[in-house]
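In what follows, every heavy atom counts, from backbone to side chain, and hydrogens, waters and symmetry copies are set aside. The first residue in the sequence is number 1, and the count goes up from there.
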Amino acid sequence: MNDWQRKSPLDWETYVNKMVKVAAIEKYEYEGWVLTVDPVSASIVLATFLENEEVSILVVLGHAVQEVEILKEGDDEMKQRLSGILAPEESKAYSPEELEKRKNDLKTWLETNHIPVTEQGEAGRTLCVVGVLTIDPPYGPEECSSSNEIILSRVQGLIQGYLEKQQ
């Protein structure tokens with residue numbers, strides 16, 4: 001086990017959002033912005049920005065890392081850019097008011113279509129359909145969960161159709 005692998009996750013976290021040079025075995029060197037460090041394998045995930053806004057992702061396996069040198073601190077703009085790399089395009093933050101409206105609109109639509117739905121949880125943020133399927137914020141098909149595959153598939157299809165009509 002090398003020195004890099006002996007570090008703790010809190011040590012590795014100090015490298016996130018920074019431009020680094022990684023010296024690896026066999027005299028390989030890699031440069032890039034640290035997206036994350038895997039806490040199990042100590043592997044470093046590096047991002048480099050190419051022309052036309054494309055991003056190259058490189059993983060340097062933890063056992064191969066010999067030394068990591070910080071070259072540059074990331075500013076707020078770079079941190080935002082890095083956090084957007086792995087986030088899905090459609091993901092966006094909703095205000096509590098927007099989430100409440102999405103929940104109420106979906107609940108009303110389900111009830112209008114004779115699908116029994118209740119609110120669950122401490123704050124009533126989770127919708128429960130027929131007692132066997134839950135829908136968490138932001139109330140899209142991806143947030144549905146159920147052990148019944150048939151109900152899950154059908155309700156996800158209904159919600160997808162509902163959201164497409166809303167746009």
Side-chain angles (χ1 to χ4, degrees), residues 1-103 106 120-123 125-127 133-149 152-153 155-157 159-160 162-164 166-167:
M1 192 179 274
N2 62 33
D3 290 342
W4 176 256
Q5 289 174 297
R6 286 191 192 92
K7 290 182 181 287
S8 75
L10 290 175
D11 293 330
W12 292 322
E13 190 177 29
T14 61
Y15 292 88
V16 173
N17 296 326
K18 295 184 176 140
M19 170 68 85
V20 298
K21 181 191 287 184
V22 179
I25 55 175
E26 298 185 18
K27 298 186 180 174
Y28 283 102
E29 285 192 347
Y30 306 97
E31 281 188 22
W33 293 92
V34 178
L35 278 176
T36 189
V37 178
D38 177 52
V40 175
S41 67
S43 298
I44 305 171
V45 181
L46 297 176
T48 50
F49 295 98
L50 310 172
E51 295 97 41
N52 62 12
E53 290 303 307
E54 287 187 19
V55 180
S56 172
I57 303 290
L58 173 77
V59 178
V60 182
L61 300 179
H63 68 84
V65 175
Q66 291 186 323
E67 187 182 340
V68 180
E69 176 188 349
I70 296 174
L71 302 176
K72 184 176 170 186
E73 297 280 331
D75 58 9
D76 289 338
E77 182 184 334
M78 182 53 71
K79 288 177 186 176
Q80 193 71 32
R81 218 171 151 193
L82 291 168
S83 70
I85 290 175
L86 300 177
E89 284 296 317
E90 67 275 354
S91 83
K92 67 171 194 166
Y94 292 97
S95 70
E97 296 79 23
E98 288 174 312
L99 285 176
E100 188 67 23
K101 181 180 181 343
R102 286 177 64 93
K103 179 185 76 170
L106 180 59
Q120 282 187 336
E122 221 173 273
R125 295 184 58 193
T126 301
L127 294 177
L133 180 136
T134 58
I135 310 168
D136 293 313
Y139 309 105
E142 304 83 27
E143 288 77 40
C144 294
S145 63
S146 174
S147 59
N148 185 320
E149 297 274 333
L152 177 63
S153 174
V155 172
Q156 283 178 319
I159 293 172
Q160 185 65 44
Y162 161 75
L163 290 174
E164 286 170 4
Q166 298 299 308
Q167 293 176 351

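By the side chain to side chain contact (heavy atoms under 4.5 Å, CB included) test, Y28 pairs with A24, E26, Y30, sequence neighbours left out. Scanning for side chain to side chain contact (heavy atoms under 4.5 Å, CB included) contacts around V16 gives V34, with sequence neighbours left out. Taking the side chain to side chain contact (heavy atoms under 4.5 Å, CB included) definition, one finds that T134 meets it with Q120, T126, S145, sequence neighbours left out. Residues passing the side-chain hydrogen bond (donor to acceptor under 3.5 Å, both in side chains) test with K101 are D105, sequence neighbours excluded.
The distance from atom NZ of K7 to atom CD of Q5, rounded to the nearest 0.5 Å, is 12.0 Å. We find the CD-CD distance between Q160 and E142 to be 7.0 Å, quoted to the nearest 0.5 Å. From L58, atom CG reaches atom CD of E31 across 11.5 Å, with rounding to the nearest 0.5 Å. K21 NZ to L46 CG: the interatomic distance, rounded to the nearest 0.5 Å, is 13.0 Å. With rounding to the nearest 0.5 angstrom, the CD1 atom of I25 is 6.0 Å from the NE2 atom of H63.
Judged by distance alone, the side chain of Q156 and the main-chain N or O of P141 form a donor-acceptor pair under 3.5 Å. Panel note: side chain N2, backbone G62; a donor-acceptor pair is recorded below 3.5 Å.
Contact between S56 and L50 at its shortest, heavy atoms only, is CB-CD1, 4.0 Å. Minimum heavy-atom separation, L82 to A47: CD2-CB, 4.2 Å. Residues P138 and Y94 share a closest heavy-atom pair of CB-CE1, 3.4 Å.
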*With side chain to side chain contact (heavy atoms under 4.5 Å, CB included) as the test, would you mind laying out the steps for L133 and L152 before giving the verdict?*
CA-CA 7 Å; L133 180 136; L152 177 63; 3.9 Å; yes

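Heavy-atom contacts from other residues, nucleotides or ligands closer than 6.0 Å to CD of Q166 number more than 12.
Screening residues 34-52 for side chain to side chain donor-acceptor pair (under 3.5 Å), with sequence neighbours left out, gives D38-S41, S41-S43. For the salt bridge (charged side-chain N to carboxylate O under 4.0 Å, His left out) condition, the pairs that include at least one residue of residues 9-20, sequence neighbours left out, are K18-E73.
Taking 4.5 Å as the limit, some side-chain heavy atom of R125 sits within range of a side-chain heavy atom of L99. Here the side chains of F49 and R81 are in contact, with some heavy-atom distance below 4.5 Å. Side-chain contact check for E143 versus P137: every heavy-atom pair is 4.5 Å or farther apart. Under the 4.5 Å side-chain criterion, counting only non-hydrogen atoms from C-beta, K103 is in contact with L127. Within the 4.5 Å cutoff, no side-chain heavy atoms of V68 are placed close to those of I70. Between Q80 and D76, the closest side-chain pair of non-hydrogen atoms is not below 4.5 Å. The side-chain heavy atoms of I159 and V155, taken from C-beta on, include a pair separated by under 4.5 Å.
Between W12 and W4, the angle of the ring planes lies from 30° to 60°, which puts this pair in the tilted group.
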